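Please read these numbers as outputs of a predicted model, since none were measured by experiment. Here is how names work: the chains are called A, B, and so on, in the same order as the sequence lines, proteins then strands, and each is numbered from 1.
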Amino acid sequence: MVEQPLQRNQPGMIDDAKINAPRRMSEPPFVRRLLIAVALGFIALFLVVPLVSVFAEALRQGLGFYFQTLRDPMTVSAIELTLIAAGISVPLNCLFGVAAAWTIAKFDFPGKNILLTLIDLPFSISPVISGMIYVLIFGAQGWFGPWLIEHNIRIIFAVPGIVLATMFVTFPFVARELIPLMQAQGRTEEEAARVLGANGWQTFWRVTLPNIKWGLLYGVILCNARAMGEFGAVSVVSGRIQGQTNTIPLHVQILYENNNIPGAFAVASLLTLLALVTLALKTWVEYNTTGLRGTAFTPLPLKKEPNRKLA
Amino acid sequence: MSVEVKNVTKKFGNFTALDNVNLKVESGELVALLGPSGSGKTTLLRVVAGLEFPDAGNAQVLFYGEDVTTIPASQRKAGFAFQHYALFRHLNVFENIAFGLRVRPKLKRPGEEKIRARVGELLKLIQLEPLAKRFPSQLSGGQRQRVALARALAVEPKVLLLDEPFGALDAKVRRELRRWLRKLHDEIHITTLFVTHDQEEALEVADRVAILRDGRIEQIGTPEEIYDNPATPFVYDFLGNVNLFSGRVREGTVIIGETEFAVEETAGETDTDAVAFVRPHDIRITREANGQKTFPARILRCNAAGPLANLELERLDGGGNFAAQLSKEEFQQLQPKAGEQVFVELKNVKIFSDDFSI
């Protein structure tokens with residue numbers, strides 16, 4: 001039996017769309033130029049100018065002031081708290097996201113649609129409300145407030161509250177990323193692994209996880225960006241005690257309110273850098289999943305991107 | 001010594017996928033499960049593999065006498081090739097085939113050298129040695145199917161289960177691969193159960209064919225048995241094209257229009273309405289009646305492409321259209337033209353008197 005191995009660009013492969021795309025559009029050149037100019041102008045005005053201005057303002061008083069602001073104990077404390085909040089909520093949401101996506105994509109059970117809707121809840125309510133929920137539950141006047149005070153446990157206006165609020169807001173990112181991916185991949189590879197004698201654990205580590213790793217990474221990157229940049233929910237539960245319950249976005253706000261504009265921009269530049277790094281990572285992950293490596297049958301669905309670039 | 005399924009019923013909600021199915025596959029036998037989509041053939045295969053469990057009752061799945069009804073798929077030692085191959089897309093051909101060996105419990109896991117040797121053997125068997133380092137996405141459909149087969153064989157399964165093994169391939173590759181499968185089976189003699197909706201494939205490859213309909217096995221037998229002696233109109237229809245002529249049965253004959261034709265066997269009824277089944281190649285066409293038992297018809301269309309010529313005809317007594325098949329020689333001798341009137345003779349007429357429905 002002689003069969004030629006499939007090369008790229010054969011039917012069913014990803015490059016099809018590119019080949020079939022029309023080479024020339026029918027609009028006259030000046031229309032095309034005008035449209036391009038409008039688009040570029042828009043991007044310059046609303047994205048590039050603010051981005052440049054953040055760094056320009058941050059460095060207005062010189063590099064010395066810039067690094068002095070970043071070395072300020074209050075700033076360092078805000079950075080630490082942000083790292084703690086993201087460091088706890090991202091891994092936990094990652095675990096939860098994989099578990100939820102696995103459950104939803106690979107099994108049928110009653111209440112599946114309700115679970116799917118609940119996962120989206122943090123996306124659909126305002127972050128301020130998310131913070132309020134925790135104040136209502138754990139605050140001094142809240143449901144568990146008296147009991148918590150009695151046992152000397154602080155959640156609201158303390159680090160646990162910030163972590164909880166961050167977790168709530170970033171809850172859907174990983175799960176939302178993985179569910180469509182795992183649903184598209186189906187169950188047959190796992191079934192194949194089981195018939196071949198693999199137990200549940202082996203099936204997960206050897207088949208499921210390798211298949212979702214890029215989607216998972218993508219979700220984690222978005223989740224992390226949001227966790228570090230979250231303002232609304234955290235602002236409600238934090239109480240903004242400088243040096244104790246201040247995260248980077250809250251610290252920027254405080255510096256700004258105290259008329260320390262260059263300081264505010266200096267700290268904001270950290271979040272801007274985070275956004276740029278996130279974008280770069282995201283592009284890299286997309287590059288790895290859209291078939292340029294030759295292993296992707298199911299490229300990631302391109303979705304709206306809910307994280308904010310600037311705090 | 002066999003793989004046996006006893007009293008298996010499986011319902012999905014209100015849908016009965018399997019309705020009290022019994023099936024015995026002898027050791028080393030190659031059995032095809034043939035049926036239209038929704039007939040339960042894939043469900044039956046999955047029940048044997050342990051990917052579905054039969055509904056409560058006295059259902060049993062036996063592998064060589066051992067009751068495996070409640071044993072999960074991972075411990076049944078069945079080899080399963082999925083319809084769309086389900087190769088591990090992140091592993092290359094070699095690692096795909098080695099998977100079943102690598103996930104064995106530590107004590108039973110062969111060493112790296114043994115794994116290499118075993119995978120090498122299988123790669124040779126499927127004639128894909130040079131492609132060991134390729135990923136599934138870099139293989140053609142036929143190559144993927146062969147890798148899936150090798151992967152299933154690597155664990156030395158007690159039974160090999162193939163779900164529409166050639167379903168997603170084009171006609172030419174399909175024919176090559178099914179000949180290859182038959183040859184492979186003759187070499188390694190593994191008890192095999194395979195699902196197909198293609199009657200030609202089932203009749204060509206299998207030792208025995210089980211025909212399923214609505215979750216029941218309608219008939220099981222060797223390809224000759226079921227083709228020559230279909231037990232029900234459904235089987236008759238499913239195994240090839242067929243013409244239906246309504247008429248009346250009377251003592252070993254069937255009267256169609258005004259002509260009597262001999263019937264191979266009748267259930268003993270006399271003078272009842274019945275439907276006569278005739279294969280297109282059992283229809284003879286002549287220009288003259290010649291005193292033979294014939295009825296007149298008009299040719300509507302002729303198609304002589306390929307080794308056989310296909311004709312569509314219309315009964316002149318208003319009994320409807322039917323199809324006939326002539327060999328190339330017969331066709332050239334007769335030179336029929338569309339619109340022409342001819343006489344039709346029926347051979348091998350089969351009657352199913354109690355159940356006309358297909």
- Message: When you measure from the side chain of A:E189 to the backbone of B:A86, do you find a donor-acceptor pair of N or O atoms at a distance under 3.5 Å?
- Response: no

- Query: Just wondering, more than 12 heavy atoms not from B:K77 lying within 6.0 Å of its NZ?
  - Reply: no

- Note on the structure: Okay, B:F82 and chain A: the region with an atom under 4.5 Å from a heavy atom over there is side chain

- Message: Can you give me the closest heavy-atom contact between A:A198 and B:S74, atom names plus distance?
- Response: O-CB, 3.6 Å

- Please step through side-chain contact (heavy atoms from CB on, under 4.5 Å) for the pair A:W201 and B:V103, ending with a clear verdict. CA-CA 10 Å; A:W201 204 234; B:V103 296; over 6 Å; no

- Message: Counting only non-hydrogen atoms closer than 4.5 Å, does B:F99 touch chain A with its backbone (N, CA, C, O), its side chain (CB onward), both, or neither?
- Response: side chain

- Task: Could I get the full list of side chain to side chain contact (heavy atoms under 4.5 Å, CB included) partners for A:L95, not counting sequence neighbours?
- Result: none

- Query: Just wondering, do B:F88 and A:L196 contact through their side chains at under 4.5 Å, heavy atoms?
  - Reply: yes

- Query: Any chance CD of B:E187 has more than 12 other-residue heavy atoms, nucleotides or ligands included, within less than 6.0 Å?
  - Reply: yes

- Item | Non-hydrogen atoms of B:R151 and A:A192 that approach each other most closely | NH2-CB, 3.4 Å

- Query: Heavy-atom distance under 4.5 Å between the side chains of A:Q185 and B:R89, does that happen here?
  - Reply: yes

- chain B heavy atoms under 4.5 Å from A:E191: which part of the residue, side chain, backbone, both or neither? both

- Item | Heavy atoms from other residues, nucleotides or ligands near NZ of A:K112 exceed 12 (cutoff 6.0 Å) | yes

- Looking at CG of A:N199 and CZ of B:R104, how far apart are the two atoms once the value is rounded to the nearest 0.5 Å? 14.0 Å

- Message: Between B:H90 (side chain only) and A:R206 (backbone N and O only), is there a donor and an acceptor less than 3.5 Å apart?
- Response: yes

